[in-house]
Amino acid sequence: MTFYHSFENSIQSFFSQEYGFLIDEIDFQLTRKEFEGDITIVVFPYLKKCRVSPKELANQLGVYLESRNQYIKSYNVVGGFLNLSITDEFYFNTCRLIFESSAFGFQKTSKSNETVLVEFSSPNTNKPLHLGHIRNNLLGHAVANILEANGKNVRRVQIVNDRGIHICKSMVAWKKFAKKQTPKSTQTKGDHFVGQYYVTFEKEYKKQIKKLIDDGFSESDAKQKASLMIETQSLLRKWESGDPSTIDLWKQLNHWVSSGFDQTYEKLGVSFDKIYYESQTYLLGRKIVDKGLKEGILYQREDGSIWIDLTQEGLDEKLLIRSDGTSVYMTQDLGTAVLRSEDFPTMNSMIYVVGNEQNYHFQVLFLILQKLNYQWAKNLIHLSYGMVDLPFGKMKSREGTVVDADELIEKMVDTAKAKTQETGKVEHLDDDQKQELYSSIGLGALKYQLLKIDPKKRILFNPNQSIDFQGNTGTFIQYAYARIHTMLSKTKKIEFLNTDGLVMEPLEKEIINLLMLYPQVLFNAAEKLDPSLVANYLYDLVRHFNRFYQNIPILSASHSNQMEFRTTLSKTVAHTIKSACSLLGIEVPNQM
């Protein structure tokens with residue numbers, strides 16, 4: 001939705017009539033507060049064709065627009081910047097247009113069959129989800145939502161890493177130490193239950209290594225000779241050979257973990273259209289490697305291992321099949337990518353939401369797929385994001401020192417409960433309503449805190465600072481929505497009626513200017529795959545509305561049509577807050 005089309009047409013007419021050319025793109029900016037005006041046009045990009053000074057061109061354009069466009073009442077020039085003062089009529093009409101738009105800011109779904117896949121989550125089935133997984137899931141979910149808001153056909157997918165030595169470690173530990181306990185018998189969530197045995201394995205393994213070193217072995221030899229590692233490697237070979245009892249145990253532990261993951265995804269409001277499993281895709285990856293070998297794209301060394309030489313592209317030689325015939329992660333990713341292209345024939349692009357420690361891996365993966373002549377490989381994107389740091393140091397899965405996702409969610413809800421009860425404003429709610437509110441506030445705070453930062457940047461996450469009714473927090477935004485909803489519940493049906501004779505307040509103009517930016521914010525967020533643009537737009541909109549709410553009478557306005565306009569403006573803001581929050585996966589409660 002372009003609100004400046006009237007101005008664009010007038011500007012195009014000016015350059016066509018006066019200088020004989022049309023402009024490809026016109027950059028409208030909000031006028032800085034220290035200057036008079038509402039909208040600023042920068043004329044520097046047009047100077048080369050016009051061959052006049054910046055000030056002269058800005059004045060010529062200002063005179064033309066003031067005389068030819070009904071919505072421009074005056075102008076001023078500061079260097080090469082043309083500042084336009086816009087009539088109240090333009091702002092009233094624009095507010096009406098936004099208010100009456102059923103899906104303001106959203107684009108209609110493309111009629112094209114082209115599909116965008118967004119891969120995120122992708123956990124290992126040997127431990128529960130942790131804080132890093134939460135950022136990954138929230139980021140992938142928000143990016144998918146934002147792409148859909150821009151009219152893209154989106155499918156959410158993930159790859160579950162359910163095979164390999166790390167999975168076998170949990171299996172060995174369960175066999176040796178669990179005494180046939182289950183999640184049900186211990187009343188433990190499935191992924192937590194299995195994760196405990198992964199930690200147990202590492203602790204017992206370290207003890208064995210230490211004993212062997214004390215007996216005179218080198219550290220590298222001790223790691224290989226430890227009985228737990230020998231058992232684990234033996235179990236991995238049994239799995240790869242299809243040993244029935246090993247496969248049954250593997251299926252059981254994976255089932256426990258997957259059921260636990262599903263519970264966490266439900267809490268986060270995350271879902272997937274299709275789930276892939278490494279155990280199913282790595283064999284396809286091997287077939288792709290064999291094909292590349294026959295075509296001379298890959299090569300085989302004397303020990304039987306298979307490689308690709310990427311040195312001419314500035315990279316290195318990459319191993320794809322080990323000398324013992326086993327696969328590496330790259331092999332599995334090749335198989336998964338090709339399988340997805342077959343499952344989604346209209347796939348135009350695929351976005352991998354994976355941390356920046358895997359930057360090189362995806363650079364190599366995309367290049368290999370291109371060399372193997374998959375045409376869609378040129379449209380693969382790695383959405384590389386920064387890690388999450390904590391006030392007390394880094395997370396370590398093997399030592400059991402990660403910030404568990406479920407525990408963090410519970411902590412956020414408990415913190416929301418404590419801070420909300422301090423306000424004393426929820427006593428009229430029943431227990432179920434209170435719990436729903438606490439969950440909404442706690443999860444909203446968590447999601448906003450992790451999404452308001454540019455994905456490329458590292459995050460220092462402090463849960464205790466993320467729930468605050470003031471400042472750049474999800475709670476601040478949710479509270480603004482609830483306050484508007486409460487205020488509007490005191491009015492009759494809101495209709496946008498007669499605005500004749502009304503004078504637009506500067507604060508009202510500021511809000512409408514921000515509302516006009518929403519479609520462009522969504523477009524930019526999709527182009528850059530950056531939900532933080534939406535989050536920080538939300539904060540800016542709420543800050544401006546709060547100033548309006550505190551300084552301008554709304555329900556107590558002196559005239560009925562003034563009250564009607566201001567309640568309309570408030571409702572439009574509320575709709576936009578709810579719309580943007582939904583893209584971030586944040587619920588907005590009606591009361592707080």
Side-chain angles (χ1 to χ4, degrees), residues 1-3 94-110 118 138-154 156 268-271 440-441 443-445 447-452 472-489 494 496 508 510-546 548-549 567-592:
M1 183 181 292
T2 302
F3 296 100
T94 298
C95 186
R96 180 181 286 107
L97 186 62
I98 296 172
F99 176 73
E100 294 174 350
S101 174
S102 59
F104 172 55
F106 285 31
Q107 301 298 317
K108 291 183 179 179
T109 301
S110 172
V118 181
L138 298 182
L139 183 57
H141 183 62
V143 165
N145 290 343
I146 290 167
L147 289 171
E148 284 179 332
N150 281 271
K152 306 294 184 183
N153 296 301
V154 179
R156 297 159 175 81
L268 292 173
V270 167
S271 61
S440 176
I441 295 173
L443 282 166
K447 293 176 180 181
Y448 185 83
Q449 199 73 6
L450 294 178
L451 291 173
K452 74 177 183 180
N472 190 3
T473 66
T475 315
F476 176 69
I477 289 163
Q478 287 174 316
Y479 184 65
Y481 177 85
R483 181 156 60 180
I484 297 173
H485 188 273
T486 300
M487 177 187 69
L488 295 179
S489 67
I494 296 173
F496 201 118
E508 294 167 339
E510 288 181 12
I511 292 173
I512 296 173
N513 276 327
L514 278 171
L515 290 171
M516 285 192 288
L517 291 177
Y518 185 51
Q520 187 63 45
V521 169
L522 297 189
F523 177 81
N524 292 342
E527 287 289 296
K528 297 180 180 180
L529 303 177
D530 185 359
S532 72
L533 298 179
V534 177
N536 288 288
Y537 167 81
L538 260 173
Y539 177 59
D540 205 21
L541 178 63
V542 168
R543 281 194 309 113
H544 279 78
F545 180 81
N546 281 353
F548 164 71
Y549 181 85
T567 53
T568 298
L569 180 59
S570 300
K571 186 171 185 179
T572 306
V573 170
H575 281 169
T576 307
I577 291 172
K578 186 172 185 178
S579 167
C581 280
S582 72
L583 297 179
L584 302 179
I586 297 173
E587 295 179 350
V588 282
N590 291 337
Q591 50 188 335
M592 286 176 67

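Counting heavy atoms from C-beta outward, Phe104 and His575 have side chains that stay 4.5 Å or more apart. Looking only at side-chain heavy atoms (C-beta outward), Tyr537 and Thr576 come within less than 4.5 Å of each other. Between Leu514 and Phe545, the closest side-chain pair of non-hydrogen atoms is not below 4.5 Å. At a threshold of 4.5 Å between non-hydrogen side-chain atoms, the residues Pro589 and Tyr479 do not count as touching. The closest side-chain heavy-atom distance from Asn145 to Val154 is not below 4.5 Å. Put simply, the side chain of Arg543 reaches to within 4.5 Å of the side chain of Phe476, judged on heavy atoms. Taking the side chain as every heavy atom from C-beta outward, Pro531 and Ile146 approach each other to under 4.5 Å. Contact of the Leu443 side chain with the Glu587 side chain is not registered, since no non-hydrogen atoms from C-beta on lie closer than 4.5 Å.
Residues Leu522 and Gly105 share a closest heavy-atom pair of CD1-O, 3.3 Å. Closest non-hydrogen pair, Ile484 versus Ser570, comes out as CG2-O, 3.5 Å. In plain terms, the two heavy atoms of Val588 and Cys581 that are nearest each other are CG1-SG, 3.7 Å. Nearest heavy-atom pair across Thr475 and Ala445 is OG1-CB, 3.9 Å. In plain terms, the two heavy atoms of Thr486 and Asn590 that are nearest each other are OG1-O, 3.8 Å.
Summarising the local packing, CD of Glu508 is surrounded by more than 12 heavy atoms from other residues, nucleotides or ligands at distances under 6.0 Å.
Residues passing the side chain to side chain donor-acceptor pair (under 3.5 Å) test with Tyr539, sequence neighbours excluded: none. When the side chain to side chain donor-acceptor pair (under 3.5 Å) test is applied to Glu527, no partner is found at least two apart in sequence or on another chain. By the side chain to side chain donor-acceptor pair (under 3.5 Å) test, Ser579 is found to be paired with Tyr518, residues two or more places apart in sequence or in another chain being considered.
Taken from CG in Leu97 to CD in Glu100, the straight-line distance is 7.5 Å, to the nearest 0.5 Å. Interatomic distance, Leu569 CG to Phe99 CZ, rounded to the nearest 0.5 Å: 10.5 Å. In this structure, Ile586 CD1 and Leu138 CG are separated by 9.0 Å, a value rounded to the nearest 0.5 Å. Atom CG of residue Leu147 and atom CG of residue Leu529 lie 6.0 Å apart, to the nearest 0.5 angstrom. Atom CG of residue Asn524 and atom NZ of residue Lys528 lie 5.5 Å apart, to the nearest 0.5 angstrom. For the atom pair OG1 of Thr572 and CD1 of Ile577, the computed distance is 11.0 Å after rounding to the nearest 0.5 Å.
Salt bridge annotation for Arg156-Glu148: present, with a cationic side-chain nitrogen under 4.0 angstrom from a carboxylate oxygen.
Between the side chain of Lys452 and the backbone N or O of Asn472, at least one donor-acceptor pair lies under 3.5 Å. In this structure, the side chain of Lys447 does not engage the main chain of Gly474 through any donor-acceptor pair within 3.5 Å. Side chain of Asp540 to backbone of Asn536: no donor-acceptor contact under 3.5 angstrom is found.
A donor atom on one side chain and an acceptor atom on the other are found under 3.5 Å apart for Asn546 and Arg483.
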For the pair Tyr481 and Met592, evaluate side chain to side chain contact (heavy atoms under 4.5 Å, CB included) and give the outcome as yes or no after the intermediate values.
CA-CA 9 Å; Tyr481 177 85; Met592 286 176 67; over 6 Å; no

Worked check of side chain to side chain contact (heavy atoms under 4.5 Å, CB included) between Leu538 and Leu584:
CA-CA 11 Å; Leu538 260 173; Leu584 302 179; 4.0 Å; yes

